[in-house]
Protein chains: 2
Amino acid sequence: MKIIEISKVLSNKTRVDILKWLKDPEANFPPHQDIDHFDDGVCVGFIQDKTGLSQSTTSTYLHAMQNADLVIPTRHGKWTYYKRNEPVIQAYIELLKREI
Amino acid sequence: MKIIEISKVLSNKTRVDILKWLKDPEANFPPHQDIDHFDDGVCVGFIQDKTGLSQSTTSTYLHAMQNADLVIPTRHGKWTYYKRNEPVIQAYIELLKREI
DNA sequence: TTTACATATCTAGAAATTTAGATATGTTTT
DNA sequence: AAAACATATCTAAATTTCTAGATATGTAAA
């Protein structure tokens, strides 16, 4: 895990917002219809609505976050759900504590 | 202090390196000639030598880091010395712990 | 087995970042 | 007061990021 790669993700307000929203899906998103929980996170459409950006941009951002290992995607039928990769997020903070 | 602003600084390897080097000036830089300590940090010339980048780029990076309040400049004669702003750096990590 | 829907990828233009050379500013030395 | 030196700022080109529209892909519904 590299500081630069994750810092790049965190250098954009929308991407940081997404990470924050995913801390508490119940508080930040409407309930899903197919499933009655947020165990695998939140579907792309809901995240897109919150960002106010285009579908492609939102998907690109999520992909960048996934690339940095900050989120984990899970497919359920037509939908892809994204949730936080908590261990990696915490490890990044610990890494900063040690390195910077 | 904003996450985005500091993350932008940390999204560049050279700038992260500078921050790391400044943790231990004795280990990473030759001794200054005018003064026999690193109490106010390290002069721009020494930092430039380590980066391998141009004088203007190094100065610009240092300025960006100062803008983000991550380093503190002190003038001694012809030289400007830069040192880490430890409380701000630690506060940023604490902020990340809470927010992201 | 088309059609509809959710998401991903491709393409591209606008904006920001990276970086260096040229020049300016401030300080010290001669 | 001029020359020398350390650092800062200006200008500009190359690269990267940001963002959306168009299109592709995968899944479910009709």
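Keep in mind that what you see is a predicted model, and the values were worked out from it rather than measured. The sequence lines fix the lettering, A, B, ..., with proteins before strands; numbering per chain opens at 1.
- When the side chain to side chain donor-acceptor pair (under 3.5 Å) test is applied to B:Glu86, the partners found at least two apart in sequence or on another chain are B:Arg84, B:Gln90.
- For the contact set between residues 9-19 of chain B and DNA chain C, defined by any heavy atom under 4.0 Å, the members are B:Asn12, B:Arg15.
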In dot-bracket notation, what is the pairing pattern of DNA chain D, taking Watson-Crick (N1-N3 plus N6-O4 or O6-N4) and G-U wobble (N1-O2 and O6-N3) contacts under 3.5 Å, with [ ] crossing and | for other strands? ||||||||||||||||||||||||||||||
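- For DNA chain D, the outermost nucleotides in 5' to 3' order that have an atom under 4.0 Å from a heavy atom of chain B are D:dC5 to D:dT9.
- With sequence neighbours left out, B:Lys83 forms a side chain to side chain donor-acceptor pair (under 3.5 Å) with no residue at all.
- Residue pairs that meet the side-chain hydrogen bond (donor to acceptor under 3.5 Å, both in side chains) test with at least one member in residues 23-37 of chain A, sequence neighbours left out, do not exist here.
- Of the residues in residues 21-48 of chain A, those with a non-hydrogen atom less than 4.0 angstrom from any atom of DNA chain C are A:Cys43, A:Val44, A:Gly45.
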Extract all donor-acceptor atom pairs below 3.5 Å that involve side chains of residues 67-80 of chain B and protein atoms in other chains or at least two apart in sequence.
residue	atom	partner	partner atom	Å
B:Arg75	NE	B:Gly77	O	3.1
B:His76	NE2	B:Asp40	OD2	2.7

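- Looking at residues 69-80 of chain B, you'll see B:Arg75, B:Gly77, B:Lys78 sit with a heavy atom under 4.0 Å from some atom of DNA chain C.
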Distances under 3.5 Å only, N/O to N/O: pair up the protein atoms with those of nucleotides 12-15 of chain C.
none

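- Looking at residues two or more places apart in sequence or on another chain, you find no ring pair (Phe, Tyr, Trp, His ring centres under 6.0 Å) involving A:Phe29.
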Under 3.5 Å, which donor-acceptor pairs link side chains of residues 8-21 of chain A to any protein atom two or more places apart or in another chain?
residue	atom	partner	partner atom	Å
A:Ser11	OG	A:Lys8	O	2.7
A:Asn12	OD1	A:Thr14	N	2.9
A:Asn12	OD1	A:Arg15	N	3.0
A:Asn12	ND2	A:Tyr61	OH	3.3
A:Lys13	NZ	A:Asp17	OD1	3.3
A:Lys13	NZ	A:Asp17	OD2	2.9
A:Arg15	NE	A:Val9	O	3.0
A:Arg15	NH2	A:Lys8	O	3.0
A:Lys20	NZ	B:Glu99	OE1	3.2

